Number of protein chains: 2
Amino acid sequence: MPDFVKDNHLFHNPVEFAMSKIGGTYKMPILWRLKDKKWRFSELQKSLSHASDRMLSKALKELVEDGFVTKEIFPEVPPRVEYTITDRGQKAIPVIEMLRNYGLDLLQEFEVEHPKR
Amino acid sequence: MPDFVKDNHLFHNPVEFAMSKIGGTYKMPILWRLKDKKWRFSELQKSLSHASDRMLSKALKELVEDGFVTKEIFPEVPPRVEYTITDRGQKAIPVIEMLRNYGLDLLQEFEVEHPKR
DNA sequence: CTGCATCCAATCGGATACTG
DNA sequence: CAGTATCCGATTGGATGCAG
């Protein structure tokens with residue numbers, strides 16, 4: 001696999017390219033939630049409580065630009081926006097699922113403790 | 001999946017934990033190369049030509065510390081060091097392979113052009 | 001409600017120089 | 001040959017304030 005260029009950015013392997021599209025802290029968690037149903041911005045915000053709205057907004061915007069998610073704006077007051085996963089986004093779900101399961105295995109191996117709550 | 005703590009660092013989901021172990025620019029390419037055989041530092045350096053030796057050294061060190069790779073030092077002059085994948089590292093290979101194939105699919109979809117050489 | 005602007009802190013990665 | 005030390009720029013992510 002030779003190097004290649006996309007959007008004026010240099011990549012060295014397919015994994016690097018994939019991670020540029022669905023990597024980062026929030027994109028996979030977002031796609032994972034959109035797997036089964038539409039979500040509103042505020043619902044995602046509540047679910048991904050550790051994400052600032054700026055980061056959430058940024059991740060969603062890129063996912064929409066790259067065609068993994070569609071955005072629907074309802075001209076109401078107050079405004080309502082719904083995010084839906086696309087076919088391209090659905091193709092990422094098995095990858096995310098495998099990464100999830102692998103992460104769960106690793107957690108076992110490293111004997112991670114869960115905090116009391 | 002609740003949040004959890006490991007090595008004084010907070011994680012929010014299994015994917016995030018997995019990526020903290022095998023993510024970053026160089027770890028997967030390294031593991032992928034070690035899949036079938038031992039590699040010397042200089043061989044990895046030559047193969048991952050875009051990685052500075054500092055970055056390569058850093059990634060290898062973390063992979064060794066986390067038990068994905070073992071390091072064997074031969075007391076010769078000049079010194080020789082060989083890196084070998086462990087069982088834990090082998091478990092990452094199917095994940096990397098899936099991510100690779102997914103990346104290749106995405107490259108097709110996005111119709112990435114390869115530079116002339 | 002949805003999200004952008006601005007500013008800032010932390011992390012990541014590159015360049016260079018140097019050592020056992 | 002196989003790294004480490006140092007310095008620096010780029011990128012990522014958080015906090016706050018504000019706007020349609």
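For clarity, every value in this text was computed on a predicted model and none was experimentally measured. Note that these values count all heavy atoms, side chains included, but never hydrogens, waters or copies made by symmetry.
Counting non-hydrogen atoms under 4.0 angstrom, B:Tyr83 reaches the backbone sugars and phosphates but no base.
A:Leu106 contributes atom CG, which lies 5.0 Å from atom CZ of B:Phe68 (distance to the nearest 0.5 angstrom). Note that the NZ atom of B:Lys38 and the CD atom of B:Glu82 stand 5.0 Å from one another [nearest 0.5 Å]. Distance CZ/B:Phe11 to NE2/B:His9: 5.0 Å, rounded to 0.5 Å. The distance from atom CG of B:Leu44 to atom CG of B:Asp53, rounded to the nearest 0.5 Å, is 12.5 Å.
Between B:His50 and B:Tyr26, the ring planes lie tilted relative to each other; the angle falls in the 30° to 60° range.
Comparing C:dG20, C:dG3, D:dG14 against the side chain of B:Pro79 picks out C:dG20 as the nearest. Here the side chain of A:Lys71 is nearest to one of D:dG3, C:dG3, D:dG14, namely C:dG3.
Counting non-hydrogen atoms of neighbouring residues, nucleotides and ligands closer than 6.0 angstrom, the NZ atom of A:Lys35 exceeds 12 such neighbours.
OP1 or OP2 of C:dC1 has not a single side-chain nitrogen or oxygen of A:Arg40 nearer than 4.0 Å. A:Lys58 has no side-chain polar atom (N or O) that falls below the 4.0 Å cut-off from OP1 or OP2 of C:dG3.
When rounded to the nearest whole Å, the span between CH2 of A:Trp39 and C1' of C:dC1 equals 17 Å. Nucleotide D:dA2 holds its C1' atom 6 Å from the CZ atom of B:Phe41, rounded to whole Å. If you take CD of A:Glu16 and P of D:dT11, they are 13 Å apart, rounded to a whole angstrom. Atom CD1 in B:Ile30 sits about 14 Å away from atom C1' in C:dG13, given to the nearest Å. Between the P atom of C:dG13 and the NZ atom of B:Lys61 lies a distance of 16 Å, rounded to the nearest Å. The distance from atom CZ of A:Arg80 to atom P of D:dG20 is 23 Å, rounded to the nearest whole Å. Per the geometry, CD belonging to A:Glu62 stands 14 Å off P belonging to C:dG3, to the nearest Å. At whole-Å resolution of the value, CD1 in A:Ile73 and P in D:dG20 are 15 Å apart.
The stretch residues 45-57 of chain A touches DNA chain D through A:Arg54, A:Met55, each having a heavy atom within less than 4.0 Å of the strand.
A cation-pi arrangement is present between B:Arg88 and A:Phe110, with the terminal nitrogen or guanidinium carbon under 6.0 Å from the aromatic centre and inside a 45° cone about the axis.
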